[in-house]
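For reference, the structure discussed in these notes is given below.
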Amino acid sequence: MTRMNNAIPWAEPTLWGREEEYVVDALRSTWISGGPYVDRLERDFSRFAKTPQTLAVANGTAALHLAYLGMGIGEGDEVIVPGFAFMAAANMALMVGATPIFADVDPDSWNMTVDTVAPLVTERTRAIVPVHTYGNVCALEPLLQLGRDRNIFVIEDAAESIGSTYRGRMSGTLARLGVYSFHATKTITTGEGGAVVTSDDALAERMRLYRSHGVARTRYLHEVAGHNFRLTNLQAAIGCAQLEQIDRIVAKRAEVYEAYRTCLQSMPGLTMQTVEMDVSPVMWAVGVRLDAAKYPQGRDAVMDGLSVLGIETRPGFYSASAMPHLYGPQSLPVSEALASSILVLPSSPTLDAPRIHRICDALASLAH
Ligand SMILES: *Cc1c(COP(=O)(O)O)cnc(C)c1O
């Protein structure tokens, strides 16, 4: 790929620690599928998230799939997911034969809320999946209360919010179950990878079964028709080194977010995602919503303009309503408005203040 010398990439992994050493160690040990780094990653992640059970898996999408399988969600069941978010939770609902039901999101927090979710609950609703988009944790307690009142599972999709907390607890650990992604762009990475956390031992046991062919106690005896969702020892080795660095990564992300807030908040025509009082976010991605009065050329033209200036950005997610071939016809006015007006800026913790200022100046130069 060719890039301007001083181009600013949208994301950059932070392999700042002993990643190489641990991978070589795993390789030389010849334990390249399962192995001790997988066990260590699960222990280390549980300690970091302050959660009793972590299951390492092949990726964040597999983590969601495993959650649904472990909870017995399938045909005839409904799973409520946000209309504006990365669609893995919706797609895995379809994969297990369930129906994703789309809740619109809040125009300020860009997340689902109890107000958008509650009217969609039916006797078929088995799970609600709050997605903590861009690292911003949903207003969770009312959603958890709704789950308790109606006997519905809540599954936090914390793929984008590793390190973000809600009332002092790690996102992903407040509901019965939480999932994370360790993709290369995410806050910590194993290349491809993910995890499921839960405090429910029986659920963890069922998910261990589905993670590995449905075989647990007796070799080749399949108790359920399981998958292979395992993470490799080589990947887990990277994850262990990443977790050793997580405090530094989180601190750098906080600096980047603060630097952006300082320059963006005074710029007309740009609105950032609002964060609940209860949330201490680790922003995985810094999004801005463009006001059409200041940016009449539209979001896509602004992205092109930034690209010419050597700044790589991403658009907001498509609204679920833009994919009726998958999800059926939907009316999601807020998701649609966000989808066409959000621009996600380079958000890597490797960004320094001069580059953040260059990005803000570039955005200002494109305003009318
Ligand atoms: C990245 C992501 C996933 C999927 O994770 P993979 O590791 O890429 O499979 C799921 N949900 C959300 C919200 C994500 O951002």
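Please read all numbers here as calculations on a predicted model, not as lab measurements. For ligands, and for the atoms within them, numbers begin at 1 and follow the listed sequence. Hydrogens, waters and symmetry mates play no part in the numbers below; they use all other heavy atoms, side chains included.
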What's the shortest distance from [atom] to any protein heavy atom, and which residue and atom give it?
atom                    : result
atom 8 (O) of ligand 1  : Ser181 OG, 3.9 Å
atom 14 (C) of ligand 1 : Lys186 NZ, 3.1 Å
atom 15 (O) of ligand 1 : Glu160 OE2, 2.5 Å
atom 9 (O) of ligand 1  : Thr61 OG1, 2.5 Å

Would the Phe45 and Phe182 ring centres measure less than 6.0 Å apart?
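Between Phe182 and Phe45, which both carry aromatic rings, the centre distance is below 6.0 Å.
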
Salt-bridge criterion met for [X] and [Y] (N-O under 4.0 Å):
X      : Y      : value
Arg40  : Glu244 : yes
Lys186 : Glu192 : no
Arg358 : Asp361 : no
Glu42  : Arg211 : yes
Asp291 : Lys294 : no

Looking at [X], which atoms of ligand 1 are within less than 4.0 Å of one of its heavy atoms?
X      : result
Val131 : 13 (C)
Gly193 : 7 (O)
Asp157 : 10 (C), 11 (N), 12 (C), 13 (C)
Ala88  : 10 (C)

Strictly under 4.0 Å, does any heavy atom of His132 approach an atom of ligand 1?
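His132 does not count as a contact of ligand 1 under the 4.0 Å cut-off.
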
Can you give me the closest heavy-atom contact between Lys252 and Pro349, atom names plus distance?
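What the structure gives for the nearest pair is CE-O, 3.2 Å.
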
Report yes if some N/O of Gly60 lies less than 3.5 Å from some N/O of ligand 1; otherwise report no.
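Yes, at least one N or O pair falls under 3.5 Å.
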
